[in-house]
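Take a look at the following structure, please.
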Amino acid sequence: LIYPAIGGALKKAQKAEAQSAVNSIEGALLLYFDEYRRWPTAGGSAEGADYALEKTMVEILIGKTLNISGDDITEGNLTGTALQQNPNKIKFLDVPKESIATGNTESETHSSAKPTVGSYVDPWGNMYKYSCDFDFNNFVSAKLTGTQRKSVLVWSRGPDGLDHNT
């Protein structure tokens, strides 16, 4: 009888963790925009496209380069695209190291899109996704939600690996 209660509590905690991360990512993207007056574009900038929070985008938002060797993650000075996108090296987002995909763990992801090394993953091992108002018309489109009057949308794929807004 105790197992269902523990499972339910774990599920609730994972959902709360994912919602907190979604809110933090959205806030980080808005802070980035306030600083640079543009959206970060590590993965592209097509209106209506969905992007995953992959390594370069994580680096842009944390203001550091991620060096990943096995399960070991260290941070270094920004270089390349991440430095071009965040030349002031500002930390917009805190990402727990256990939420960075290292490629060494067998995550129980139900998504067909395996997380890439360095990507920010939800409690179920799926990459967080986002879409921004790249054409500055005060609307953002995403396959998940259609068009909304917002500047940015962020979501988790959830425990089933399908697109969800939490």
Side-chain angles (χ1 to χ4, degrees), residues 12-68 73-101 109 111 113 115-159 161-166:
K12 215 174 196 180
Q14 289 172 321
K15 188 171 182 177
E17 179 184 337
Q19 183 61 57
S20 177
V22 163
N23 293 341
S24 294
I25 296 164
E26 183 175 320
L29 289 165
L30 291 168
L31 287 170
Y32 179 96
F33 184 84
D34 285 346
E35 178 68 25
Y36 293 115
R37 305 310 302 162
R38 60 181 162 80
W39 297 110
T41 57
S45 60
E47 184 67 28
D50 302 346
Y51 297 101
L53 224 66
E54 294 182 302
K55 184 177 186 256
T56 302
M57 182 58 79
V58 172
E59 292 174 334
I60 291 167
L61 294 177
I62 68 170
K64 297 279 185 183
T65 294
L66 293 173
N67 302 305
I68 301 170
I73 302 170
T74 58
E75 295 177 351
N77 292 325
L78 278 182
T79 59
T81 300
L83 179 59
Q84 292 169 355
Q85 290 290 312
N86 187 355
N88 297 337
K89 303 174 189 168
I90 296 169
K91 184 174 193 166
F92 298 102
L93 181 65
D94 282 314
V95 178
K97 287 192 178 179
E98 61 273 9
S99 296
I100 301 289
T109 180
S111 169
T116 57
V117 172
S119 60
Y120 190 0
V121 295
D122 66 18
W124 306 281
N126 301 304
M127 293 180 286
Y128 286 103
K129 298 188 73 181
Y130 69 97
S131 186
C132 298
D133 177 20
F134 289 110
D135 64 4
F136 304 102
N137 67 353
N138 297 317
F139 290 94
V140 64
S141 297
K143 294 174 202 163
L144 166 68
T145 59
T147 301
Q148 290 192 26
R149 188 171 194 82
K150 290 184 83 167
S151 299
V152 62
L153 290 172
V154 179
W155 63 96
S156 160
R157 288 180 165 261
L162 303 174
D163 285 329
H164 297 279
N165 53 12
T166 52

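Nothing fancy with the numbering, it's 1 onward along the sequence.
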Could you pull out all donor-acceptor pairs under 3.5 Å where a side-chain atom in residues 20-33 meets a protein atom, sequence neighbours excluded?
residue: Asn23; atom: OD1; partner: Gln19; partner atom: NE2; Å: 3.0
residue: Asn23; atom: ND2; partner: Gln19; partner atom: O; Å: 3.4
residue: Ser24; atom: OG; partner: Ser20; partner atom: O; Å: 3.1
residue: Tyr32; atom: OH; partner: Arg38; partner atom: NH1; Å: 2.6
residue: Tyr32; atom: OH; partner: Gln85; partner atom: O; Å: 2.3
residue: Tyr32; atom: OH; partner: Gln85; partner atom: OE1; Å: 3.4

Check your understanding: Does a sphere of radius 6.0 Å around CG in Asn77 hold more than 12 heavy atoms from other residues, nucleotides or ligands, not counting ones at 6.0 Å or beyond?
Key -> no

Exercise for review: Report the C-alpha distance between Leu66 and Lys55 in whole Å, list the side-chain angles of each, state the deciding distance to 0.1 Å, and finish with yes or no for side chain to side chain contact (heavy atoms under 4.5 Å, CB included).
Suggested key: CA-CA 8 Å; Leu66 293 173; Lys55 184 177 186 256; 4.0 Å; yes

Exercise for review: Any chance you could lay out the side chain to side chain contact (heavy atoms under 4.5 Å, CB included) test for Ile90 and Tyr36, step after step, and finish with the verdict?
Suggested key: CA-CA 11 Å; Ile90 296 169; Tyr36 293 115; 4.2 Å; yes

Practice item. Please report the closest heavy-atom contact between Gly76 and Asn67, naming both atoms and the distance. Key: N-ND2, 3.8 Å

Review point. When rounded to the nearest 0.5 angstrom, what distance separates NZ in Lys12 from CD in Glu17?
Key: 16.0 Å

Check your understanding: Counting N and O atoms only, with roles assigned by atom type, does the side chain of Ser119 sit under 3.5 Å from a partner on the main chain of Val121, one being a donor and the other an acceptor?
Key -> no

**Study point:** From Asp133 atom CG to Phe139 atom CZ, the distance as rounded to the nearest 0.5 Å
**Key:** 9.0 Å

Check your understanding: So, for Thr74 and Lys97, which heavy atoms are closest and what is the spacing to 0.1 Å?
Key -> CA-NZ, 4.4 Å

Revision key, fill the gap. d(Thr41 OG1, Phe134 CZ) to nearest 0.5 Å is 7.0 Å

Check your understanding: Considering all heavy atoms of both residues, which atom of Ser131 and which atom of Asp50 are nearest to each other, and what is their separation?
Key -> CB-OD1, 4.5 Å

Point to revise | Which atom of Met57 lies closest to which atom of Leu53, heavy atoms considered | key: CG-CD1, 3.6 Å

Practice item. Decide yes or no for Gln84 and Leu78: does some side-chain heavy atom of the first lie under 4.5 Å from some side-chain heavy atom of the second? Key: no

Check your understanding: Any donor-acceptor pair under 3.5 Å linking the side chain of Asp122 with the backbone of Trp124?
Key -> yes

Study note, to complete from the structure: Output for pair (Asn137 CG, Arg149 CZ), nearest 0.5 Å, gives 8.5 Å

Check your understanding: Can you check side chain to side chain contact (heavy atoms under 4.5 Å, CB included) on Phe92 and Ile60, steps first, answer last?
Key -> CA-CA 8 Å; Phe92 298 102; Ile60 291 167; 5.8 Å; no

Review point. Among all residues two or more places apart in sequence or in another chain, which pass the side-chain hydrogen bond (donor to acceptor under 3.5 Å, both in side chains) test with Thr147?
Key: Ser141

Point to revise | CG on Leu61 to OH on Tyr120, rounded to 0.5 Å | key: 10.5 Å

Exercise for review: Output the distance between atom CD1 (Ile73) and atom OG (Ser99), rounded to the nearest 0.5 Å.
Suggested key: 9.0 Å

Exercise for review: Provide the closest heavy-atom pair for Trp39 versus Ser151 in the form atom of the first, atom of the second, distance.
Suggested key: CZ2-O, 3.5 Å

Revision key, fill the gap. Closest non-hydrogen atoms of Tyr128 and Ala18, given as atom of the first, atom of the second and distance, are OH-CA, 3.4 Å

